[in-house]
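Each remark here refers to the structure printed beneath this line.
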Amino acid sequence: MALLEVKNLKKVYTTRFGGNHVQALSDVSFSVEEGEYVAIMGESGSGKTTLLNILAALDKPTSGEVLLNDKDIVSISEKEISAFRRRNLGFVFQDFNLLDTFSLQDNIYLPLVLSGTSYSEMSNRLRPLVENLRIKDILTKFPYEVSGGQKQRAAVARALITNPKLVLADEPTGALDSRAADDLLQIFSQINQEGQTILMVTHSTKAASHASRVLFIKDGAVFHQIYKGSLSNEAMYQRISDTLNIIATGGDRNE
Ligand SMILES: Nc1ncnc2c1ncn2[C@@H]1O[C@H](COP(=O)(O)OP(=O)(O)O)[C@@H](O)[C@H]1O
Ligand SMILES: [Mg+2]
């Protein structure tokens, strides 16, 4: 059974007065197996963030189905949603979403505090993350006192501390310099090797070349996908670039 199953997802945004319709997703279907590392690419405006928001149950689709761990998250009740999200999902947002009035440590603890976890359990979980992410020395600092890369690492720790079944990341390297981006990609590869499932939206070919599969979205649907298999990062990079060129020049995958 797949960890995540997305079936015929459609999202039409309507303006407040119902005048304008934007079809962000027309018919998206794919599934993700437990332990996969999937990157999603597509031009700006192709519906990537819309898709991620729906997968995170932050937004509802116009129609279609999303099964996470066999649970239909489209029809889940408002009451259940926060707890389900905390138990199953970790998010890494492009703008980090850290609270400025909390230290980094308190930011990282927040999802566990919300689910009533004991302090000793929280600190047990924090320890290995702090090592891996190299954030021990900055835990007592506030978000405005650290660099973008450090904020990003704290955001990753916060996403992982609940040990989520699925990690969702929207352009996680978008705001990072190349060294911090490399660090983050290494962390993602490592947690994936340790069994965590990752779904990452990215416009970085380099970031995507680390994933085990890349899905390309165009005109609100999955246009193509590439499996990494035994390809090197460099060979994967080349195949992704070629596919992006085809998409940009309006090519047809069947040609
Ligand atoms: N809240 C919204 N209301 C109306 N239109 C939206 C909204 N969010 C996104 N859109 C539109 O939906 C399309 C897909 O947007 P988005 O999912 O943000 O794309 P991407 O993340 O791939 O850049 C775009 O045309 C965008 O303008
Ligand atoms: Mg986006």
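Note that ligands are numbered from 1 as they come in the structure, with each ligand's atoms numbered from 1 the same way.
Scanning all protein heavy atoms for the shortest distance to atom 24 (C) of ligand 1 gives Gly45 O, 3.8 Å. In terms of protein heavy atoms, atom 10 (N) of ligand 1 is closest to Tyr13 CE1, 3.3 Å. Nearest protein neighbour of atom 19 (O) of ligand 1, counting heavy atoms only, is Gly47 N, 3.2 Å. Atom 15 (O) of ligand 1 has its closest protein heavy atom at Thr50 OG1, 3.9 Å.
Residue Ala24 approaches ligand 1 through these ligand atoms, each under 4.0 Å from one of its heavy atoms: 12 (O), 13 (C), 14 (C). Against a heavy-atom cut-off of under 4.0 Å, Val22 is close to the following atoms of ligand 1: 11 (C), 12 (O), 25 (O). For ligand 1 and Glu43, the ligand atoms under 4.0 Å from any heavy atom of the residue are 22 (O).
Side chain of Glu65 to backbone of Asn8: no donor-acceptor contact under 3.5 angstrom is found. Looking at Ser31, its side chain never comes within 3.5 Å of a backbone N or O of Glu5 through a donor-acceptor pair.
Under a 4.0 Å N-O distance rule, the pair Lys218/Glu43 does not qualify as a salt bridge. Ion pairing of Lys48 with Asp170 is absent here, as no side-chain N (NZ or NE/NH1/NH2) approaches a carboxylate O to less than 4.0 Å. Looking at Glu131 and Arg127, no side-chain N of the basic residue comes within less than 4.0 Å of a carboxylate O on the acidic one, giving no salt bridge.
Inside a 4.0 Å radius of atom 17 (O) of ligand 1 there is at least one protein heavy atom. Taking a distance limit of 4.0 Å, we find that atom 26 (C) of ligand 1 is approached by no protein heavy atom.
We find the CD1-CG distance between Ile108 and Leu139 to be 5.5 Å, quoted to the nearest 0.5 Å.
Ligand 1 has at least one atom lying under 4.0 Å from a heavy atom of Ser44.
Because the distance cut-off is set at 2.8 Å, Thr50 fails to qualify as a neighbour of the Mg ion (ligand 2), as none of its N, O or S atoms comes that close.
Clustering of Ile, Leu, Val, Met, Phe, Trp and Tyr by side-chain heavy atoms under 4.5 Å joins Leu114 with Leu99, Phe102, Leu110.
Looking at heavy atoms from C-beta onward, Met200 lies out of side-chain contact with Thr173 at the 4.5 angstrom threshold.
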